[in-house]
Amino acid sequence: MEEFYKNISDALNMLSGMEKDLNISHFTPNELKIFHTIILSSADKKDGSNITEIVENSGMSRSTVYKTLKKLSTEGIIHLLQSEEDGRESLVVLNSAS
């Protein structure tokens, strides 16, 4: 059991270091969840993910997602672009410098 706790501790320390390297260690739990959802949703897409996908995949309310995306956009972490396919939808694209 002691080795299990050591492995978990090592993984958490590594995650903490990665969050510092990505400059996201100050994120709230909601911001981290949205950020992770964006990463997972966008992995195979060059155009970004639409907000509806992020809402569905995060399990968070639409208002929480919108509020969090606005903050991430203000911080320069993401860009919000109008979808060419559906003008009512916005696409979320990670800023490559983040």
Side-chain angles (χ1 to χ4, degrees):
M1 190 63 114
E2 186 175 316
E3 184 174 338
F4 172 76
Y5 286 115
K6 182 181 178 339
N7 290 339
I8 295 294
S9 176
D10 290 345
L12 290 173
N13 285 327
M14 189 172 18
L15 180 60
S16 176
M18 292 170 67
E19 288 176 350
K20 286 177 186 171
D21 290 345
L22 292 169
N23 196 27
I24 61 171
S25 58
H26 66 285
F27 280 9
T28 65
N30 283 351
E31 292 166 349
L32 277 174
K33 183 161 180 116
I34 298 297
F35 184 78
H36 292 162
T37 303
I38 293 168
I39 297 290
L40 293 172
S41 298
S42 301
D44 297 328
K45 300 177 186 176
K46 63 178 180 158
D47 296 337
S49 296
N50 68 46
I51 294 177
T52 300
E53 291 173 327
I54 294 169
V55 170
E56 291 171 358
N57 293 331
S58 70
M60 302 176 93
S61 72
R62 185 171 287 277
S63 63
T64 298
V65 170
Y66 273 97
K67 184 171 100 174
T68 304
L69 291 175
K70 182 175 176 154
K71 183 175 181 198
L72 295 177
S73 178
T74 301
E75 290 186 18
I77 304 293
I78 62 166
H79 297 292
L80 296 172
L81 307 170
Q82 188 172 13
S83 171
E84 292 179 10
E85 295 176 9
D86 183 351
R88 299 169 295 169
E89 189 70 70
S90 292
L91 297 175
V92 178
V93 180
L94 283 171
N95 181 352
S96 58
S98 59

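To the nearest 0.5 angstrom, Glu2 atom CD is 10.0 Å from Lys6 atom NZ. One distance of note links CD of Glu75 with CD1 of Ile24; it measures 11.0 Å at 0.5 Å rounding. The CD atom of Glu3 sits 11.5 Å away from atom CD1 of Ile8, with the distance rounded to the nearest 0.5 Å. Summarising the geometry, atom CD belonging to Glu53 is positioned 8.0 Å from atom CD belonging to Glu89; distances are rounded to the nearest 0.5 Å. Note that CG of Leu69 is 10.5 Å distant from OG1 of Thr74, once rounded to the nearest 0.5 Å. Here the CG atom belonging to Leu15 is positioned 12.5 Å from the CG atom belonging to Asp10, to the nearest 0.5 angstrom.
Counting heavy atoms from C-beta on, the side chains of Arg62 and Ile51 come closer than 4.5 Å. You'll find the side chain of Ile78 stays beyond 4.5 Å of the side chain of Phe35, heavy atoms only. Side-chain contact between Leu91 and Leu80: absent, with no pair of heavy atoms (C-beta onward) separated by less than 4.5 Å.
For the residue pair Lys33 and Ser58, the shortest heavy atom distance occurs at CE-O, 2.7 Å. The shortest non-hydrogen separation linking Asn30 to Thr68 is O-CG2, 4.3 Å. Residues Val93 and Gly48 approach most closely at CG2-CA, 4.1 Å, considering heavy atoms.
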request  = List the steps and the verdict of side-chain contact (heavy atoms from CB on, under 4.5 Å) for Leu72 and Phe27.
outcome  = CA-CA 10 Å; Leu72 295 177; Phe27 280 9; 3.6 Å; yes
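Leu12 and Tyr5 fall within the same hydrophobic cluster, defined by Ile, Leu, Val, Met, Phe, Trp and Tyr side-chain heavy atoms under 4.5 Å apart, directly or through other members. Taking hydrophobic clusters as Ile, Leu, Val, Met, Phe, Trp and Tyr residues chained together by side-chain heavy-atom distances below 4.5 Å, Leu32 shares a cluster with Tyr66. Cluster annotation: Val65 and Leu40 are assigned to distinct hydrophobic clusters (Ile/Leu/Val/Met/Phe/Trp/Tyr, side-chain heavy-atom contacts under 4.5 Å, transitive).
No side-chain donor-acceptor contact under 3.5 Å links Ser41 to the backbone of Ile38. In this structure, the side chain of Asn57 does not engage the main chain of Thr37 through any donor-acceptor pair within 3.5 Å.
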